[in-house]
A.B. asks: 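Before I ask anything, here is the structure I am working with.
In the text below, chain A, chain B and the rest are named by the order of the sequence lines, each starting its count at 1. Computed over heavy atoms, backbone and side chain alike; hydrogens, waters and symmetry mates excluded.
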Amino acid sequence: MSANADIARLFAEMADALELLGENAFRVNALRKVARTAEDAAEDLAALARTDVKTLESIAGIGASSARKIVEFATTGRMHEHAELLAKLPEGLMGVLRVPGLGPKTVKLLWDQGGVTDLATLKAKLESGALEGLPRMGAKTLQNIRENLAFLETAAARARLGDALPIAEALVAALAALPGVKEAAFAGSLRRGKETIGDIDLLVATTKPKPVMDAFVSRPDVAKVLAHGDTKSSVRLQSGLQVDLRAVEPAAWGAALLYFTGSKEHNVLLRERAQERRQRLNEYGLFPDDGQPEPPQERGVKPVAAATEEAIYKALDLPWIPPELRESRNGLAPAPASLIQVTDIRRELHCHTTASDGFETIESIIGEAKRRGFDCIAITDHSRSSAQANGLSEERLLEHAKAVRAAGKRVGGIHALAGSEVDILADGHLDYPDDVLAELDWVVASPHTALKQSSEAATQRLLAAIANPHVRVIGHPSGRIIGGRPGLEPDWQAVFAAASKARVALEINAKPMRLDLRDQLVHAALAAGCLISINTDAHALDNFDLLRFGVTTGRRGSLTLEHCVNAWPWKRFEAWRTSRGR
DNA sequence: GCCGTTTTCGGCCCGACTGTTTTCAGTCG
């Protein structure tokens, strides 16, 4: 999977380089599309390049030329066109493109006429005044570049879904409370539930947008106003997060929500479908195409559909597609009939108590699970090797199991499973011997250490854990931390095949810093016939609220109720739980 | 560079906003 990320980076860099060199914009866009396709792909493109180039070329957006480049990368680890392109530019010049507001035209101008070759020379020449007098470089523009460069130097990477969503929800609530606002919502990658987001896209429906825009840019948490128009404004919050707000007429709400939710590929597919039906789709509605070049909304043409997303999909003979599935890997395929949702989840199968590194007593966390309507909770404190997490010795584990069962009886009305989150050691052995695991009701096996081992070692490690008859779930299978560490990169196809055969579920850990398995891998695991378990890995009572992030990740991987063991009726779950190892 | 029951060549989304402009180029989404 990391090969896909590498491929995406190489193509994105080629697109940047070509743009700086003034190459044809459509060629640049085509390369960008390959980059986005690679980033979203559920398949391992490098593996495909080695075994099945035809299928690689059949992926929308990847043509013969890009396939050839991917094959070269998959077989040699190099992409010579990428290297040759980058050699034509000063090494740090592409970094200058990361400054907000600086695009290829301006960077090329700064390079050709200003001698800027990287962020350091840009900073020096801004300070020395060497850029004054260049075309289109007025005082205001130079000041903006200064500020945006300073921002770039301190900016964090993309925000995690778990951090951005609560901020967006608060902003939406504030906008919805303003006079004249009929609807307010967040759109963009946040609505699609991507694990990280670059900015927050907000949308309001109102007939009087100006006061809404004014109120928005005047918020106390706004650090800088990037744009302030009648229907569109853009700010940077003190947290560094950029927030864009668009205002539309209530009658065009659905069209705007659809348009600003994306993804780009999804929008293109919808527009193409509209064109096939002699219709035009834009952010103002779905219109009959009368062949006139001027936008229909400016000529008073009545839309076929505009007020709701559902109406627009329906007019295009499509079912409404949930935002989480509007990614390139899904095309316009309808959502599966029973796509998982938060209300389907009946049990939590991975949580911690004060016995290891949790903050709640056994009884407290069982009570919380019951209060939330769950039929079962598995208590899975850490195993002995996780010393930093106060992992349990064999003796403590067996005592703990008794305490869990007793607490379950005291609370009543919920099944409390005495389990363990047992470490998968670097060599694939589990942290307790089989005869100890046999004493438990439930075993989640997870990697916690040696997360930089080779792909081969990681594959053998996970296969060994899957082969253990006591293991029912592989917890956070890669061990990655979003924006922190990449985690294990095993041969996922081999892992999925083994897990599918052994009926061992793979976890989607709902912690926003983990979301592990990630969405693309969930998609691939399901294609291989795997079972999935969504768990919050709760260490505190409010951690149960993180469930929605795990469910969103499952939805992005097309997870259905049938493949999620947390959603099964109790009898089916019990039959599966007790079907091995005992 | 990609794509094709209207094209294997000739298209490829386009509107809002800013800053420097005196009518528009560049960026962004």
A.B. asks: Is there a donor-acceptor contact under 3.5 Å from the side chain of A:T121 to the main chain of A:D118?
C.D. replies: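 Looks like yes, one N/O pair under 3.5 Å.
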A.B. asks: Can you figure out which of B:dA16, B:dC17, B:dG29 approaches the side chain of A:A227 most closely?
C.D. replies: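 Closest of the options to the side chain of A:A227: B:dC17.
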A.B. asks: Return no unless some side-chain N or O of A:S65 is found under 4.0 Å from OP1 or OP2 of B:dG1.
C.D. replies: yes
A.B. asks: For B:dT27, does either OP1 or OP2 sit under 4.0 Å from a side-chain N or O belonging to A:T106?
C.D. replies: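 It does, given that an N or O in the side chain of A:T106 lies less than 4.0 Å from OP1 or OP2 of B:dT27.
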A.B. asks: Rounded to whole Å, how long is the line connecting atom NZ of A:K105 with atom C1' of B:dC28?
C.D. replies: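 Result: 14 Å.
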A.B. asks: B:dC2 C1' sits how many Å from A:R68 CZ, rounded?
C.D. replies: 13 Å
A.B. asks: Check whether any side-chain N or O of A:Y284 sits under 4.0 Å from OP1 or OP2 of B:dA16, and answer yes or no.
C.D. replies: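 For A:Y284, the contact criterion (side-chain N or O under 4.0 Å from OP1 or OP2 of B:dA16) is met.
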A.B. asks: Please work out if A:D199 contacts a base, only the sugar-phosphate, or nothing of the nucleic acid, heavy-atom cut-off 4.0 Å.
C.D. replies: sugar-phosphate
A.B. asks: What's the CG-C1' distance between A:L286 and B:dC13, to the nearest Å?
C.D. replies: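 To the nearest whole Å, that distance equals 15 Å.
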A.B. asks: Starting from the C-alpha separation in whole Å, work towards a yes-or-no answer on side-chain contact (heavy atoms from CB on, under 4.5 Å) for A:L152 and A:L119.
C.D. replies: CA-CA 10 Å; A:L152 183 68; A:L119 289 170; 4.1 Å; yes
A.B. asks: Could you identify the nucleotide paired to B:dT8, looking across every strand shown and requiring Watson-Crick or G-U wobble geometry with both distances under 3.5 Å?
C.D. replies: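 Paired with no nucleotide.
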A.B. asks: Return the nearest nucleotide to the side chain of A:K232; candidates are B:dG19, B:dT27, B:dC28.
C.D. replies: B:dC28
A.B. asks: Suppose you measure atom P in B:dG26 against the same atom in B:dT21; what distance do you get, rounded to whole Å?
C.D. replies: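 The same atom, P, in both gives a distance of 13 Å.
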A.B. asks: Can you tell me which nucleotide in B:dG1, B:dC13, B:dG19 comes closest to the side chain of A:R136?
C.D. replies: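 My answer, after comparing the listed nucleotides, is B:dG19.
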A.B. asks: Have a look at A:K264 and say if it touches a base, only the backbone sugar-phosphate, or nothing, with a 4.0 Å heavy-atom cut-off.
C.D. replies: base
A.B. asks: Which whole number of Å gives the distance between the C1' atom of B:dT20 and that of B:dC13?
C.D. replies: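 Result for the C1' pair: 26 Å, nearest Å.
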A.B. asks: Should A:N267 be listed as having a side-chain N or O under 4.0 Å from OP1 or OP2 of B:dC13?
C.D. replies: no
A.B. asks: For atom C1', what is the distance between B:dC12 and B:dT8, given to the nearest Å?
C.D. replies: 16 Å
A.B. asks: For B:dC17 and A:S233 - does any side-chain N or O of the residue sit under 4.0 Å from the phosphate oxygens OP1/OP2?
C.D. replies: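 Checking B:dC17 against A:S233, no side-chain N or O comes under 4.0 Å of OP1 or OP2.
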A.B. asks: Looking at the side chain of A:Y259, which of B:dC13, B:dG1, B:dG15 is the nearest nucleotide?
C.D. replies: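 Nearest to the side-chain atoms of A:Y259, counting from C-beta on, is B:dC13.
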A.B. asks: Starting the side chain at C-beta, find the nucleotide from B:dG29, B:dA16, B:dC13 nearest to A:R271.
C.D. replies: B:dC13
A.B. asks: Assess the side chains of A:E249 and A:T207: does a donor N or O sit below 3.5 Å from an acceptor N or O?
C.D. replies: no
A.B. asks: Among B:dT18, B:dG29, B:dT6, which nucleotide has an atom closest to any side-chain atom of A:H228?
C.D. replies: B:dT18
A.B. asks: Is A:A67 touching bases, backbone alone, or none of the nucleic acid, heavy atoms closer than 4.0 Å?
C.D. replies: nothing
A.B. asks: Between A:D317 and A:R277, is a salt bridge (Lys or Arg N to Asp or Glu O under 4.0 Å) present by the stated rule, with each step listed?
C.D. replies: CA-CA 10 Å; A:D317 288 322; A:R277 283 145 204 269; 2.7 Å; yes
A.B. asks: Applying a 4.0 Å non-hydrogen cut-off, can you work out what A:T231 is touching in the nucleic acid: base, sugar-phosphate, or nothing?
C.D. replies: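 If one applies the 4.0 Å heavy-atom cut-off, A:T231 turns out to touch the sugar-phosphate alone, with no base involved.
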A.B. asks: Please tell me if A:Q143 has a side-chain N or O lying less than 4.0 Å from either OP1 or OP2 of B:dG19.
C.D. replies: no
A.B. asks: Students often get this wrong, so: under 4.0 angstrom with heavy atoms, is A:N29 touching a base, only sugar-phosphate, or nothing?
C.D. replies: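 It contacts nothing in the nucleic acid.
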A.B. asks: Could you give the distance separating B:dT23 and B:dT18 at their C1' atoms, to the nearest angstrom?
C.D. replies: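 Here B:dT18 and B:dT23 have their C1' atoms 15 Å from each other.
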A.B. asks: Identify whether the glycosidic angle of B:dT6 places it syn (within 90° of 0) or anti.
C.D. replies: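 Anti.
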A.B. asks: Do A:H266 and A:E327 meet the criterion of a side-chain donor-acceptor pair at a distance under 3.5 Å?
C.D. replies: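 Side chains of A:H266 and A:E327: no pair found under 3.5 Å.
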A.B. asks: For residues A:N148 and A:R98, is any side-chain donor paired with an opposing acceptor at under 3.5 Å?
C.D. replies: no
A.B. asks: Base, sugar-phosphate, or nothing for A:A25, non-hydrogen atoms under 4.0 angstrom?
C.D. replies: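 Nothing, no nucleic acid heavy atom in range.
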A.B. asks: Tell me whether the OP1 or OP2 atom of B:dC28 has a side-chain N or O from A:S234 closer than 4.0 Å.
C.D. replies: no
